[in-house]
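Since the structure comes first, as structure tokens, the remarks are kept for the end.
Chain identifiers are assigned alphabetically (A, B, ...) following the order of the sequence lines, protein sequences preceding nucleic acid strands; residue numbering begins at 1 within each chain. Computation of the quantities below employed the complete heavy-atom set of this structure, encompassing side-chain atoms and omitting hydrogens, waters and symmetry-equivalent molecules. Only a predicted model underlies this, so the values are computations on that prediction, with no experimental measurement involved.
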Number of protein chains: 2
Amino acid sequence: MVEFATQVENPAESGQQETSLHSEVLERLRDYIVEGNIPEGGRIPERQLCETFGISRTPLREALKVLASDGLVELMPNRGARVRSLSAHDIKELFDLMGGFEALAGRLACERITEEQFEEVLSLHTEMYGHYLRDDRHHYFRTNQLIHDKILEISGNSALIRSARSLSASLRRVRYAANLDDKGLRWAEAVREHEQIIDALRRRDADALASILFHHLRNKSAAVLRSYEEAYR
Amino acid sequence: MVEFATQVENPAESGQQETSLHSEVLERLRDYIVEGNIPEGGRIPERQLCETFGISRTPLREALKVLASDGLVELMPNRGARVRSLSAHDIKELFDLMGGFEALAGRLACERITEEQFEEVLSLHTEMYGHYLRDDRHHYFRTNQLIHDKILEISGNSALIRSARSLSASLRRVRYAANLDDKGLRWAEAVREHEQIIDALRRRDADALASILFHHLRNKSAAVLRSYEEAYR
DNA sequence: TTTTGCAAAATTGCATTCAAATTTGGGATT
DNA sequence: AATCCCAAATTTGAATGCAATTTTGCAAAA
């Protein structure tokens with residue numbers, strides 16, 4: 001039964017393809033899930049997604065195996081795949097791991113950061129502080145994310161960057177939900193932590209920065225879990 | 001052309017299978033590569049491995065995609081897969097990442113370790129010290145590995161344990177090569193570092209332990225890279 | 001002897017097929 | 001009406017098929 005085009009031509013792109021179908025599907029599917037198109041714990045409709053993406057089951061299934069090893073998806077033998085739903089315990093573990101990544105990034109950043117790069121981080125911090133004073137939650141969180149990304153980038157460790165980005169994607173939905181729920185109690189505390197981060201970075205104090213970043217993520221995790229518990233009550 | 005059994009029966013296991021063919025192949029292939037059956041940078045003969053494992057190409061190719069996302073294998077579009085060969089720069093990055101994992105494990109272990117668990121680690125340390133005094137390199141390295149594994153286990157973070165194990169597997173070949181080459185210069189230093197590790201763990205000093213573990217891995221990485229450079233001269 | 005061209009062979013990427021497992025939807029029994 | 005049973009339909013996991021790309025082998029030209 002072949003009712004739709006089996007070969008999806010891409011007439012607009014007559015030049016060389018460069019990326020394999022597999023890697024393209026992998027990214028598309030990861031985004032599709034991370035963006036919340038399938039509910040937490042929901043079945044992943046294999047055949048339907050194939051039609052949506054205009055591909056056969058083989059590359060889609062390859063992508064599912066990779067996402068399962070990433071922990072974004074759960075494979076149930078003979079019963080298909082579902083979007084992994086994170087328990088409070090899972091969330092705590094994953095935030096601790098993220099804390100480990102950020103602590104390492106901070107450590108490495110202390111070794112490599114140039115004065116110019118420090119100025120960039122400082123300027124992001126100043127901007128973020130402005131959003132905090134103006135109570136502009138949306139821009140605050142965006143700038144906050146940029147600071148963390150910047151430190152990762154400055155670490156210069158591509159293996160670390162890849163791992164952290166992948167984990168960050170898995171936590172994106174959770175993190176966002178908490179941002180919306182935050183009643184402001186955590187906000188002031190987070191800003192103070194960021195000041196400590198800047199200070200440790202200025203002093204190139206790797207041990208101090210690692211410690212602060214880990215505990216910063218720990219506190220964020222606790223805030224996320226509080227809002228989670230509230231949501232389920 | 002089907003000259004070999006297409007279905008690999010497992011008569012010894014008449015009970016339920018529990019594991020899918022995919023995950024079984026994944027583990028077998030990972031071991032196969034990690035154990036050095038294919039040289040660094042060598043092509044991975046898809047069809048031949050299928051015959052070796054008695055499976056078709058589909059599950060093998062699924063495993064290859066997963067191992068590629070793990071960084072153990074490199075996929076070259078239309079030109080197959082090869083065992084990723086690690087440059088000195090790659091090795092440095094990966095050891096730093098491993099240092100991040102171990103630092104995090106140490107941090108978490110400080111929070112959770114029981115007196116009984118501490119005694120276990122201490123006894124491993126004592127045993128390792130004995131191997132050091134007796135100049136028994138083989139048993140020294142085995143016990144050393146057991147200590148690091150034990151700290152990871154005590155951390156109790158399953159996501160961390162999975163990530164660290166996977167990275168550790170990728171580095172296994174490199175680590176082993178360096179162990180053989182070590183001229184003893186590094187050995188005494190490593191033993192002293194282990195004493196510091198035990199001490200920080202006894203004091204449940206998370207920041208100190210994280211720092212020591214990171215630098216311990218850094219130093220190991222430097223030793224590995226020295227022996228690498230010697231090998232290529 | 002080395003380089004070039006090109007057709008045959010092999011390999012790859014993806015689609016399709018097929019058998020086995022699971023789910024579904026009545027109908028028979030209580 | 002509720003429960004159980006079982007056959008049909010669907011879905012899954014893995015094998016196979018097929019077109020496109022790459023590699024190989026070899027003969028002709030420089």
Side-chain angles (χ1 to χ4, degrees), chain A residues 1-11 13-29 38 41-69 73-84, chain B residues 1-11 13-29 38 41-69 73-84:
Chain A
M1 180 167 62
V2 181
E3 291 164 352
F4 49 89
T6 56
Q7 287 296 89
V8 175
E9 297 250 20
N10 199 338
E13 222 179 68
S14 47
Q16 74 278 20
Q17 189 95 3
E18 207 49 66
T19 65
S20 74
L21 184 51
H22 160 74
S23 55
E24 204 177 314
V25 168
L26 180 59
E27 286 322 299
R28 283 227 277 165
L29 183 55
I38 304 175
R43 292 277 303 278
I44 294 173
E46 202 174 279
R47 197 166 293 274
Q48 188 184 306
L49 278 183
C50 286
E51 297 195 22
T52 307
F53 290 169
I55 55 166
S56 77
R57 288 171 60 217
T58 307
L60 187 83
R61 288 170 56 77
E62 288 171 350
L64 283 173
K65 312 286 181 189
V66 173
L67 294 181
S69 105
V73 149
E74 242 172 340
L75 258 34
M76 306 148 79
N78 287 316
R79 306 186 52 200
R82 59 179 52 201
V83 176
R84 180 173 169 207
Chain B
M1 179 170 63
V2 181
E3 293 163 351
F4 50 91
T6 55
Q7 287 297 87
V8 175
E9 297 251 20
N10 200 337
E13 222 179 69
S14 47
Q16 73 278 21
Q17 187 93 5
E18 209 45 71
T19 64
S20 73
L21 183 52
H22 159 73
S23 55
E24 204 177 314
V25 169
L26 180 59
E27 286 323 299
R28 283 227 278 164
L29 183 55
I38 304 175
R43 292 277 303 279
I44 295 173
E46 202 175 279
R47 197 166 295 272
Q48 187 184 308
L49 277 183
C50 287
E51 297 196 18
T52 306
F53 290 168
I55 54 167
S56 77
R57 288 171 58 216
T58 306
L60 187 83
R61 289 170 55 77
E62 287 171 351
L64 282 174
K65 312 287 182 190
V66 173
L67 294 182
S69 105
V73 148
E74 243 171 340
L75 259 34
M76 306 147 80
N78 287 316
R79 306 188 49 204
R82 59 178 53 199
V83 176
R84 180 173 168 207

Q. Do you know which two heavy atoms are closest between Pro59(B) and Val25(B), and how far apart they sit?
A. O-CG1, 4.1 Å

Q. How long is the span from the CD1 atom in Ile55(B) to the CG atom in Leu60(B), to the nearest 0.5 Å?
A. 5.0 Å

Q: Please state how far atom CG in Leu60(A) lies from atom P in dT16(C), giving the value in whole angstrom units.
A: 14 Å

Q | Residue-phosphate contact under 4.0 Å: Thr58(A) side-chain N/O, dC14(C) OP1/OP2 | A | no

Q | Atom pair NE2 (His22(A)) and CG (Leu64(B)), whose distance is rounded to the nearest 0.5 Å | A | 10.0 Å

**Q.** Contact state string [nucleotides 8-13 of chain D, B base, S sugar-phosphate only, - no protein heavy atom under 4.0 Å]
**A.** ---SBB

Q: Measure the distance from CD on Glu24(B) to C1' on dA14(D) and round it to the nearest whole Å.
A: 13 Å

Q: Let me know the distance between CZ of Phe53(A) and P of dG13(C), rounded to the nearest Å.
A: 20 Å

Q.
I need the CG-C1' distance between Leu49(B) and dT12(C), as an integer number of Å.
A. 15 Å

Q) What distance separates Ile44(B) CD1 from Ile38(B) CD1, expressed to the nearest 0.5 Å? A) 5.0 Å

**Q.** Euclidean distance, Arg47(B) CZ relative to Ser56(B) OG, rounded to 0.5 Å
**A.** 10.5 Å

**Q.** Separation between CZ of Arg61(A) and CG of Leu75(A), rounded to the nearest 0.5 Å
**A.** 8.0 Å

